Amino acid sequence: MYWEKEIETLDRKSLEKLQVDRLTGTLGQAVKSSYYGRISEITDFVESGIKSIEQISELPFTTKEDLRNNFPWGFLTTGKKEVIRLHSSSGTTGNPIVVYHNRHDINSWANLMARSLFAAGVRDTDVFQNICGYGLFTGGLGFQYGIEKLGCLSIPAGAGNSLRQIKLMRDFGTTVVHAIPSYLGRLYDVFKAEGLDPRKDTNLHTFVVGAEPHTEEHRQRIEEMFGVKAYNSFGLSEMNGPGVAFECKEQNGLHIWEDAYIVEIIDPKTLLPVADGEIGELVMTTLDRQAMPLIRYRTRDLTRFLPDQCECGRTHRRIDRISGRTDDMIIIKGCNIFPMQIEKVIMKLSEVGDDYRIILETVDSQDVIIVEVEVKKDWFSGDTTFFDKLKKRLTHLIRDEVLVSPVVKLVEPGSIPKSEGKAVRVFDCRKK
Ligand code: COA
Ligand code: AMP
Ligand code: ZN
């Protein structure tokens with residue numbers, strides 16, 4: 001069963017031809033932006049035309065830095081009037097990453113979402129609870145539009161308040177949940193504390209989990225705890241958000257939608273394609289986006305192509321679950337954080353020294369971010385009021401910057417162990 005049988009099962013030759021046609025259109029659209037309009041390798045192709053998909057390798061990459069450096073409008077190809085929504089990364093210092101969508105883009109994203117959910121077995125008879133941040137996070141509205149397109153009864157629950165989540169599930173007979181995997185341990189604990197067993201006391205049959213790395217073992221634990229099937233959902237805001245790659249009922253890797261994206265996997269050092277099946281950095285080109293097409297975007301996510309066609313009949317290739325990143329971005333509670341964001345906040349305060357470290361831990365099934373900060377010698381006294389105030393101030397500032405509440409620990413100058421060579425700032429001790 002398919003959402004769009006013809007496109008999902010298109011033979012590879014026709015799929016490639018479709019990609020070439022759409023790439024031609026995408027380049028024509030991209031050069032309307034001030035950024036791509038001044039890149040001669042792209043404007044030349046618009047004149048000469050793309051003849052084969054291999055020619056993608058002659059185009060330049062686009063990076064997060066390019067997006068930041070051309071903030072706010074450098075990648076926009078249309079008038080502002082045509083844009084109907086933007087999504088943006090967190091951060092109050094420096095330029096955030098912003099992605100713009102016109103009506104076509106939102107419709108096409110909703111369709112990819114509906115297609116993805118349908119592939120995982122979600123149907124219009126389901127009651128779908130989306131336990132994910134709305135607002136500027138793409139997992140909120142991204143899923144919402146897809147669920148509605150599919151025709152499920154949607155419960156836009158948002159993140160947080162586990163007791164209420166459980167009540168919603170029981171009141172309305174939720175059958176499908178979308179949430180980040182690390183939150184589900186906490187949700188299960190709250191079920192237990194209420195004397196409830198999700199296997200018996202709910203109608204849940206399917207979970208959609210994503211937005212952060214997780215292992216096959218973690219998936220299995222979730223499936224056992226809740227008595228559901230859990231399907232991996234991958235996406236990133238620069239490529240819309242969720243709906244980029246999704247597991248089908250076979251649960252054997254994620255189909256990446258090749259009518260909407262050209263997908264490459266490169267060696268991050270040489271920038272050349274890796275051999276088939278080897279792990280490398282995922283690079284993506286949008287094929288169906290008008291307001292902000294992106295060409296050869298370096299996602300920084302590490303994965304590999306999986307061999308063989310899937311039993312489900314879909315011809316779009318599958319990627320393996322994401323195994324890491326080529327930059328220092330960390331994801332906690334579904335929020336993306338660059339250590340530099342925290343450093344910038346800390347360094348604003350004159351009472352604080354130069355050393356800090358970030359420790360990620362799992363406490364009572366919940367991930368926490370601990371920020372240890374050295375206080376300057378002159379300020380390090382036994383004055384508890386001063387310490388409390390400083391801690392509060394830092395907690396607020398960091399929370400505003402990264403959207404997660406940290407546990408701030410103020411420590412004596414010189415007490416943070418020095419690492420040899422480049423300072424190691426992040427210690428990830430979370431239960432995987
Ligand atoms: N999803 C859903 N609920 C979450 C969560 C997550 N990722 N992370 C924590 N929570 C819950 C906690 O369990 C707690 O509720 P409970 O005590 O009733 O169980 C509540 O949110 C607050 O948790 P706390 O750890 O005190 O919050 P915080 O101040 O650090 O901020 C969030 C937490 C949830 C508000 C913030 O991390 C967030 O918005 N995360 C969602 C991000 C997201 O959806 N990303 C996906 C993008 S596609
Ligand atoms: P955002 O742009 O906030 O949606 O974050 C996107 C990033 O989250 C991706 O680039 C990945 O690093 C990570 N991510 C999203 N989905 C998954 C997933 N299913 N598995 C692992 N990492 C994921
Ligand atoms: Zn499949």
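Whatever order the structure lists them in is the order used to number ligands and atoms, beginning at 1. Note that the structure is a prediction, hence the values are computed from the model and not measured. If you read the sequence from its start, that first residue is 1, and numbering goes on from there.
Closest to atom 18 (C) of ligand 2 by heavy atom, among G334, P181, S233, is S233. Remark: among candidates T138, D301, I330, the nearest residue to atom 11 (C) of ligand 2 is D301, based on non-hydrogen atoms.
For ligand 1, the atoms lying closer than 4.0 Å to a non-hydrogen atom of S162 are 13 (O), 15 (O), 16 (P), 18 (O), 19 (O). Close contacts between ligand 2 and R325 involve ligand atoms 10 (O), 12 (O) [criterion: under 4.0 Å to a heavy atom]. The distance from ligand 2 to the heavy atoms of A211 drops below 4.0 Å at these ligand atoms: 8 (O), 13 (C), 14 (N), 15 (C), 16 (N), 17 (C), 18 (C), 19 (N), 23 (C). Contact atoms of ligand 2 toward G235: 6 (C), 9 (C), 15 (C), 16 (N) (distance under 4.0 Å to a heavy atom of the residue). Ligand-side atoms of ligand 1 in range of G133: 43 (C), 44 (O), range being under 4.0 angstrom from any heavy atom. Each of the following atoms of ligand 1 lies closer than 4.0 Å to a heavy atom of N161: 15 (O), 18 (O). In the vicinity of C132, heavy-atom distances shorter than 4.0 Å reach the ligand 1 atoms 44 (O), 46 (C). Residue-ligand proximity, S237 to ligand 2, at heavy-atom distances under 4.0 Å covers atoms 1 (P), 2 (O), 3 (O), 4 (O). Residue-ligand proximity, G139 to ligand 1, at heavy-atom distances under 4.0 Å covers atoms 48 (S). Which parts of ligand 1 touch V404 is read off a 4.0 Å heavy-atom cut-off, strictly below it: atoms 30 (O), 37 (O). Heavy-atom proximity to S405, at under 4.0 Å, picks out these atoms of ligand 1: 28 (P), 29 (O), 30 (O). Within ligand 2, counting atoms from 1 as listed, the ones closer than 4.0 Å to a heavy atom of I331 are 8 (O), 12 (O), 13 (C). Taking a cut-off of under 4.0 Å to the non-hydrogen atoms of I180, the atoms of ligand 1 that pass are 7 (N).
Ring geometry for W73 versus Y100: interplanar angle under 30°, hence parallel rather than tilted (30 to 60°).
The aromatic ring centres of F226 and Y188 sit less than 6.0 Å apart.
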Could you go step by step and tell me if K344 and Q341 meet the side-chain hydrogen bond (donor to acceptor under 3.5 Å, both in side chains) rule? CA-CA 5 Å; K344 277 189 180 158; Q341 287 179 273; over 6 Å; no
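Nearest to atom 12 (C) of ligand 1 among the protein's heavy atoms is Q366 OE1, 3.8 Å. Considering only non-hydrogen protein atoms, atom 17 (O) of ligand 1 sits nearest to R186 NH2, 3.0 Å. Counting protein heavy atoms only, atom 24 (P) of ligand 1 is closest to K333 NZ, 3.7 Å. Atom 21 (O) of ligand 1 has its closest protein heavy atom at G160 CA, 3.1 Å.
Residue contacts with ligand 1 for L403 involve N, CA, C or O but no side-chain atom from C-beta outward (heavy atoms, distance under 4.0 Å).
The shortest separation from a heavy atom of A179 to ligand 1 is not under 4.0 Å, leaving the residue out of contact. Residue contact annotation: R399 has a non-hydrogen atom under 4.0 Å from ligand 1.
Our summary of the site lists the angle at the Zn ion (ligand 3) between SG of C310 and SG of C312 as 100°, to the nearest 10 degrees.
Protein heavy atoms are found less than 4.0 angstrom from atom 43 (C) of ligand 1.
Nearest to the Zn ion (ligand 3), among the N, O or S atoms that H255 has, is NE2.
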